[in-house]
Every structure is written in structure tokens, then in C-alpha cells.
Amino acid sequence: MKRMIKENNYRGHGDSVDQLCWHPTNPDLFVTASGDKTIRIWDVRSERCLTTVTTKGENINICWSPDGQTIAVGNKDDVVTFIDVKTHRPKAEETFKFEVNEISWNNDNNMFFLTNGNGCINILSYPELKPIQSINAHPSNCICIKFDPTGKYFATGSADALVSLWDIEELACVRCFSRLDWPVRTLSFSYDGKMLASASEDHFIDIAHVETGEKLCEVQCESPTFTVAWHPKRYLLAFACDDKDGKYDSSREAGTVKLFGLPNDS
């Protein structure tokens with residue numbers, strides 16, 4: 001496979017960038033969640049931060065609703081805040097009694113999914129946020145979840161280093177990916193649903209073919225990866241690693257986002 005690498009850096013956060021996601025329909029915008037108690041919306045073209053929203057706690061997970069109107073952000077205290085994109089103000093807040101790892105809407109925008117420390121997937125109605133179902137997904141901590149844009153699958157990643165592919169209609173596991181050696185921190189489907197990126201403390205990002213499980217390529221990293229996110233319209237993968245800003249202080253988090261590109265005919 002011919003590779004084309006393009007890398008940009010987006011600086012501004014004062015602590016590690018723990019997660020990011022693209023706007024569901026605007027290909028020039030993405031949002032980042034940081035331990036510096038802010039979220040930031042970025043413009044890819046200008047490499048500038050458009051908006052900074054201050055939050056209550058240290059943020060560890062974030063997602064954008066499919067209709068583009070709401071950003072949900074979760075912090076280390078298991079509080080999920082729903083932020084109105086137009087006003088940049090919170091419109092709902094929910095505190096959970098279990099360890100919340102990753103959050104996501106379904107593609108229809110009417111259910112909200114959370115992975116938790118007990119290996120379960122909790123499903124809530126949206127916007128009511130009432131419990132619908134709980135699925136035992138993994139024998140250990142269920143860390144991350146992502147939905148296939150075609151509406152056929154969702155994927156979960158766990159502390160057992162496995163990525164599981166689930167049928168949305170049947171809520172049944174159909175395939176597992178096992179090339180990572182460390183707990184799976186982050187997942188993302190490509191815009192066409194054909195590729196699945198997964199990453200961990202391993203110093204590479206695994207890119208797999210969804211229907212066969214075959215490895216398509218590896219993106220090499222110099223440190224553990226916090227978050228990966230495919231572009232909504234191109235084979236362009238944004239990711240943030242545990243990089244250190246060693247110019248003045250080798251222990252200081254760099255807070256840098258990188259981009260990896262593949263040709264669209266791959």
C-alpha cells in the first residue's frame with residue numbers, strides 16, 4: 001500500500017489531550033478534551049483554536065452528537081456534561097455511580113452509550129438519559145466504544161487488549177481483533193466503515209479491515225496513544241500521544257495533535 005503522510009500540530013492546551021473527535025458533518029472542525037479542564041474546537045485549515053469552553057473537572061472523554069448540535073464531555077469524577085455547540089453552555093449534566101470510560105451517541109441520535117469499569121456497555125435514551133439496557137461486553141474494564149458510520153456495527157476496546165466488533169441490530173459480538181498487547185484506549189472507524197483504527201500503550205496504531213479483520217497498516221508512534229479519530233470524509237487519521245515537551249521540562253505534557261493520511265483509493 002502506498003502511503004502519504006501529512007502531519008500538523010495544534011497547540012494550546014495546558015495539559016494532555018485525552019480525546020478528540022471530528023464534527024460529524026463539517027470536515028474542517030474537530031474538538032479536543034484535556035486534563036486542563038477545557039475543551040477546544042479547532043479549525044484544520046488555520047490550525048487555530050476557534051473556541052475554548054471551561055469545564056468543571058479534568059476531561060478524559062468527548063463526543064459530538066450526529067446532528068452536530070451537542071458535545072458531550074466526561075471527566076475523571078464520572079460526570080458527563082452536554083454542551084450546546086451554538087451557545088457553548090451546558091444544557092444537561094449527569095453524574096454516574098460507576099466508572100465511565102467512553103461515551104457515544106448512536107447514529108440515530110436517540111440513544112447514548114457508555115462503557116464502564118465493570119466491562120459493561122450502558123445504554124440510555126436521549127435526550128431523556130433514562131436507562132434502557134446494560135450489556136456484559138468484556139470480562140475486564142470496557143474502555144472505549146465507537147460506531148460504524150454505515151450503521152451496521154459498533155466496536156468496543158477493553159483492558160484485555162481485545163477489540164470486539166458488534167452487530168448493532170442483534171447486539172451480538174461478531175469478530176475480535178487481537179494485535180495489540182496493551183489495554184485498548186481508543187478506536188475509530190473510517191468514514192466509509194471499511195477500516196477500524198485501534199491504539200493503546202503499544203507504540204503503533206493498528207488499522208484493520210473491518211469485514212475480514214486483516215491488518216492494513218500500522219502507524220508508528222514514539223509514545224502511548226491517547227486518542228484516534230478518522231476524518232468524516234477522507235482517509236485522514238487524527239491522533240494524540242503521550243508526548244512530552246522536552247524543550248524546557250521533559251515531564252511537561254506536549255498536548256499535541258497529529259495527522260496521518262492515506263490515499264483515498266487504498
Side-chain angles (χ1 to χ4, degrees), residues 13-21 31-40 52-66 70-85 88-106 109-147 154-164 166 182-188 199-201 224-229 240 242 253 255:
H13 279 296
D15 203 338
S16 64
V17 177
D18 284 321
Q19 197 169 47
L20 64 87
C21 63
V31 63
T32 51
S34 173
D36 64 5
K37 298 185 179 182
T38 69
I39 68 168
R40 288 174 178 254
T52 301
V53 181
T54 302
T55 58
K56 289 183 177 179
E58 295 180 43
N59 303 309
I60 55 174
N61 44 47
I62 196 163
C63 61
W64 215 314
S65 63
T70 309
I71 294 170
V73 57
N75 66 28
K76 288 185 176 180
D77 297 319
D78 303 313
V79 176
V80 178
T81 304
F82 296 84
I83 297 169
D84 187 295
V85 172
H88 305 137
R89 295 181 180 275
K91 59 182 182 180
E93 187 176 276
E94 193 80 14
T95 302
F96 295 91
K97 295 180 180 179
F98 50 78
E99 178 188 333
V100 176
N101 288 322
E102 193 160 276
I103 52 180
S104 179
W105 277 271
N106 66 335
N109 216 100
N110 61 3
M111 289 191 288
F112 194 73
F113 286 63
L114 309 95
T115 59
N116 74 32
N118 299 319
C120 296
I121 304 166
N122 294 86
I123 307 173
L124 309 177
S125 63
Y126 186 81
E128 302 83 8
L129 300 177
K130 302 298 182 185
I132 296 176
Q133 190 173 349
S134 180
I135 303 169
N136 292 317
H138 289 267
S140 57
N141 196 337
C142 189
I143 298 172
C144 47
I145 183 168
K146 280 294 181 294
F147 282 79
F154 67 88
T156 57
S158 172
D160 58 14
L162 290 177
V163 175
S164 299
W166 296 76
W182 291 85
V184 183
R185 286 184 172 185
T186 177
L187 300 165
S188 182
S200 65
E201 291 185 45
T225 302
F226 284 130
T227 181
V228 296
D242 188 19
E253 302 286 357

Taking the side chain as C-beta and beyond, is there a heavy-atom pair between [X] and [Y] under 4.5 Å?
| X | Y | answer |
| --- | --- | --- |
| C21 | V31 | yes |
| Q19 | I62 | yes |
| N141 | E99 | yes |
| K37 | K56 | no |
| I121 | F154 | yes |
| H13 | T38 | yes |
| F226 | V17 | no |

Study note, to complete from the structure: Residues passing the side chain to side chain donor-acceptor pair (under 3.5 Å) test with W166, sequence neighbours excluded, are T156
Check your understanding: Sequence neighbours excluded, which residues qualify as side chain to side chain donor-acceptor pair (under 3.5 Å) partners of T55?
Key -> N59
Could you tell me whether the side chain of [X] and the main chain of [Y] form a donor-acceptor pair under 3.5 Å?
| X | Y | value |
| --- | --- | --- |
| S104 | F113 | no |
| D78 | V100 | yes |
| T186 | A199 | no |
| D15 | S34 | no |
| N106 | M111 | yes |
| N116 | N118 | yes |
| D160 | S140 | no |

Review point. Would S158 and I143 satisfy side-chain contact (heavy atoms from CB on, under 4.5 Å), going step by step from the backbone distance to the final call?
Key: CA-CA 5 Å; S158 172; I143 298 172; 5.7 Å; no
Please report the closest heavy-atom contact between [X] and [Y], naming both atoms and the distance.
| X | Y | result |
| --- | --- | --- |
| E102 | C144 | OE2-CB, 3.3 Å |
| P131 | L124 | CA-CD2, 3.6 Å |
| C120 | N136 | SG-OD1, 3.0 Å |
| H88 | V53 | O-CG1, 3.7 Å |
| N101 | C142 | ND2-O, 2.8 Å |

Review point. Under the side-chain contact (heavy atoms from CB on, under 4.5 Å) criterion, do S164 and H138 qualify, and how do the steps go?
Key: CA-CA 9 Å; S164 299; H138 289 267; 3.1 Å; yes
Study note, to complete from the structure: Paired with W64, the side chain to side chain contact (heavy atoms under 4.5 Å, CB included) test is passed by just one of L20, V85, T70, namely V85
Practice item. Please state whether the rings of Y126 and F112 are parallel, tilted or perpendicular, taking 30° and 60° as the class boundaries. Key: tilted
